[in-house]
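So the structure is just underneath, and the comments pick up after that.
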Amino acid sequence: YDTELYETKPCDSNACFDKLHGSLGDCSCNVDTIDYFNNVKIYPRIQSLVRKDYFRFYKVNLKKECPFWADDSRCAMRYCHIKTCSKESVPGYENGYENEEHIDESPATKYSKESQSNCDSDTDHDPDLGYLNMTISAASQHEIAKWKAHDDALENFCECDDKDVDAEYVDLLLNPERFTGYKGPSANRIWRSIYQENCFRPKANPYVSFPFVLTSDLSNMCLEKRVFYRAVSGMHTSINIHLCSKYLLSEKTAAFATSPEGEWGPNIEEFQNRFDPSQTFGEGPNWLKNLYFVYLLEMRALAKAGPYLEKEEYYTGNAVEDEETRDAISNMLGVIYSFPDHFNESSMFNGGSQAADLKVEFREHFRNISRIMDCVGCDKCKLWGKLQTQGLGTALKILFSNKWNSPESDLHLTKLPVRHKSHERLQRTEIVALFNAFARLSDSIRQLEYFRIMLRSHQDKRVQPFLQCAHGTI
Ligand SMILES: Cc1cc2nc3c(=O)[nH]c(=O)nc-3n(C[C@H](O)[C@H](O)[C@H](O)COP(=O)(O)OP(=O)(O)OC[C@H]3O[C@@H](n4cnc5c(N)ncnc54)[C@H](O)[C@@H]3O)c2cc1C
C-alpha cells in the first residue's frame with residue numbers, strides 16, 4: 001500500500017465523491033444541501049428535543065456479558081466509568097415501583113423533576129465531566145410496560161435489552177459522548193469484528209488491520225451491502241468526530257492533577273489524524289461522507305415513521321412537558337418532510353427469494369453488531385455505542401421490515417405515507433434511541449462545520465483537502 005500516493009495528492013471535491021457516486025445510486029443528495037439543512041433547520045430542533053425528559057433517559061443493560069470473547073480490557077480511565085445512584089434516587093421509587101404489583105400504566109413519578117433531584121444533587125456528579133451516571137438504577141426490572149412488547153424479535157435489527165433484569169436507566173445529559181481514552185487492542189477488536197466479520201466485505205482485505213474495508217472495493221458489492229457498510233462506517237465516523245470535538249485538552253498539564261475536570265474542547269490535530277487522506281490511506285473523506293449517508297438514512301426512517309411518531313404520547317407524567325415534546329416532534333417532522341431529496345429505500349431488497357435471503361442476512365449481521373457492543377471495554381463508550389446501534393437498528397427496521405410501508409406503492413419520498421400496512425409500534429427505548437442517534441449524527445455534521453471553520457482560520461492549506469472532499473454529492 002503506497003502511502004505516498006495520498007500524501008501529496010489533495011483530492012478535489014468532485015474526485016472524492018465520484019468514488020461513491022455513479023453506479024451506487026444510493027442517493028443523489030448533495031453534502032452542502034445537508035450541511036445547510038442540518039445546521040440551520042434540524043440541529044437546533046433535535047438538540048432541544050433530546051433534552052426533554054422523554055428522550056433524556058435511556059434504558060440499557062450495560063452488564064451483559066460479551067458473547068464473543070472474554071472482556072479483558074476494562075478501561076482504567078476515569079472518563080469511562082459509571083457511577084450508579086442509590087435506590088432512593090430512582091424516580092418513582094417512593095411510590096412503590098420497586099414492587100412487581102405496581103407495574104401498571106402510570107409511570108408518572110418516574111420522570112418527575114422531584115424524583116430526579118437526588119441524583120442531580122449528588123456531590124460526585126459534575127455535569128462538566130460527564131461521568132457515566134446511572135440515574136435510575138433500581139427500577140430496571142419494574143419498567144412500566146406502557147406499550148405492548150414487540151414479540152416478533154426476528155423483525156428487530158437489534159438485541160433490545162430494555163426488558164433485562166440488569167437494564168438500568170441512564171441520564172444521557174449527565175453522560176455526554178466525548179473523549180474517553182478508550183483505544184488500543186480492545187477498541188480495535190470491536191471495530192475489526194464489526195467490519196471484517198459482520199459487515200459484508202467486498203473481498204478479503206490483504207491489509208491485516210488497516211483499513212478494514214477499502215472504499216474502492218465497494219463498487220463490486222450490491223447496493224444493500226454497500227448501504228450496510230456505509231451506515232456502520234458513518235456511525236463510526238460520528239463516534240470519532242465526537243471524541244475529537246470533546247477532547248480532554250489538559251490531560252498532560254499540571255492543572256489536571258489538581259483539577260480532574262480538565263479542559264475539554266476540539267482537538268484539530270486529532271481530527272486531522274483521523275480523517276485526513278494522507279493519514280487514512282485516502283479513506284478519511286469517504287468516512288466523512290458515510291456520516292452524511294447514515295444521516296440521510298435515519299432521517300428517511302424518521303420521515304417514514306413520522307405519521308406514527310406524531311401520534312405517540314411521549315408520556316412522562318408531566319403534562320406540560322409532554323405536550324411540548326409532542327409539539328416539538330411535530331415541528332421537527334414537518335421540517336424533515338420538507339427535505340427535498342430523501343434516501344430512497346424502495347430499490348433495496350427487490351429481487352425475489354434471493355433478496356429475501358439477503359434481507360435476513362442483513363438483519364442478522366446488524367443484530368450481531370448490536371451484540372458486539374456488549375464487548376466494548378469502556379462503559380461510557382458502550383452506552384453510546386449501544387444507543388447509536390439501537391437507533392440505527394430501529395431506523396433499518398422502519399425502512400426494511402415492510403411493516404412500515406405505505407399501502408400505496410407510489411407513496412414515498414416527497415409524498416410520505418399517511419397510513420401503515422399494520423399498526424406497528426415502537427418501544428420507548430427504540431424511539432429514545434432513534435431520536436438520540438439522529439441527534440448524534442446531526443451534532444457530528446455541525447461539529448464538522450466547526451472543524452472546517454477552525455482549519456480555515458489556521459490558513460494551513462495542507463490540512464484542507466479532506467474537508468474539501470466532504471463537499472459535493474454523497
Ligand atoms: C462502540 C465504540 C464506541 C466508542 N466510543 C468512544 C467514545 O465515546 N469516546 C472515545 O474517546 N472513544 C470511543 N471509542 C474508541 C474510538 O472509536 C477508537 O476506537 C479509538 O479512539 C482508537 O482509534 P483508532 O485511531 O485506533 O481508530 P478506530 O476508530 O479504532 O478505527 C479502527 C480502524 O477502522 C478504520 N476506520 C476508522 N474510521 C472508520 C470509519 N468511519 N469507517 C470505516 N472504517 C474506519 C481504520 O482502518 C481504523 O484504523 C469507541 C469505540 C467503540 C468500538
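This chain uses plain numbering: 1 for the first residue, then up along the sequence. As the structure lists them, so they are numbered: ligands from 1, and atoms in each ligand from 1. Values below: all heavy atoms of this structure, side chains included; hydrogens, waters and symmetry mates excluded.
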Query - Gly181: numbered ligand 1 atoms lying under 4.0 Å from its heavy atoms - result: 11 (O)

Query raised in the report: Would one find an N or O of Lys183, backbone or side chain, under 3.5 Å from an N or O of ligand 1?
Result: no

Report task. Please work out which of Cys378, Ser238, Cys381, Pro185 has its closest non-hydrogen atom nearest to atom 3 (C) of ligand 1. Result -> Cys381

**Report entry** Aromatic ring pairing His236/Trp287, orientation class (parallel under 30°, perpendicular over 60°, tilted between)
**Finding:** parallel

**Report entry** Sequence-distant partners of Lys52, side-chain hydrogen bond (donor to acceptor under 3.5 Å, both in side chains), two or more places apart
**Finding:** Glu324

Query raised in the report: Given His236, Glu270, Gln388, which one has a non-hydrogen atom that is nearest to atom 31 (O) of ligand 1?
Result: His236

Query raised in the report: Can you list the ligand 1 atoms lying under 4.0 Å from a non-hydrogen atom of Ala187?
Result: 19 (O)

Requested in this report: Please indicate whether any nitrogen or oxygen in Thr180 is less than 3.5 Å from any nitrogen or oxygen in ligand 1.
Outcome: yes

Query raised in the report: Using heavy atoms and a threshold below 4.0 Å, how should the contact between Thr237 and ligand 1 be classified: side chain, backbone, both, or neither?
Result: both

Query raised in the report: If you measure from each non-hydrogen atom of Tyr229 to ligand 1, which part falls under 4.0 Å: side chain, backbone, both or neither?
Result: side chain

Report summary line: For Ile336 and His342, the nearest pair of non-hydrogen atoms, with its separation, is O-NE2, 2.8 Å

Report task. Using a 4.0 Å heavy-atom cut-off, say whether Arg274 meets ligand 1 through its side chain, its backbone, both or neither. Result -> side chain

Query raised in the report: For Glu361, does the CD atom have more than 12 heavy-atom neighbours from other residues, nucleotides or ligands under 6.0 Å away?
Result: yes

**Report entry** Contact atoms of ligand 1, heavy-atom distance to Ile190 under 4.0 Å
**Finding:** 53 (C)

Requested in this report: To the nearest 0.5 Å, tell me how far Tyr295 OH sits from Phe37 CZ.
Outcome: 6.0 Å

Query raised in the report: How does Asn240 reach ligand 1, by side chain, by backbone, by both or by neither, if only non-hydrogen atoms under 4.0 Å count?
Result: side chain

Query - Close-contact set for ligand 1 against Val376 heavy atoms, below 4.0 Å - result: 1 (C)

Report task. Check the angle between the aromatic planes of Phe179 and Tyr247 and answer parallel, tilted or perpendicular using the 30° and 60° thresholds. Result -> tilted

Report task. Report, in ascending order of atom number, the atoms of ligand 1 lying under 4.0 Å from any heavy atom of Met373. Result -> 1 (C)

Query raised in the report: Which one holds for Trp191 and ligand 1: side chain close, backbone close, both close, or neither close, with close meaning a heavy atom under 4.0 Å?
Result: side chain

Query raised in the report: Does Arg300 count as lying over the ring of Phe343, i.e. NZ or CZ under 6.0 Å from the six-ring centre, within 45 degrees of the axis?
Result: no

**Report entry** Carboxylate-amine/guanidinium proximity below 4.0 Å for Glu449 and Arg446
**Finding:** no

Query - Distance-only N or O hit between ligand 1 and Tyr195, under 3.5 Å - result: yes

Query raised in the report: Under 3.5 Å, is there a donor-acceptor pair between the Asn436 and Tyr58 side chains?
Result: no

Report task. Report the residues that fulfil side-chain hydrogen bond (donor to acceptor under 3.5 Å, both in side chains) with Thr237, sequence neighbours left out, ordered by chain and then residue number. Result -> none

**Report entry** Subset of ligand 1 atoms that lie under 4.0 Å from at least one heavy atom of Tyr182
**Finding:** 12 (N), 14 (N), 15 (C), 20 (C), 21 (O), 50 (C), 51 (C)

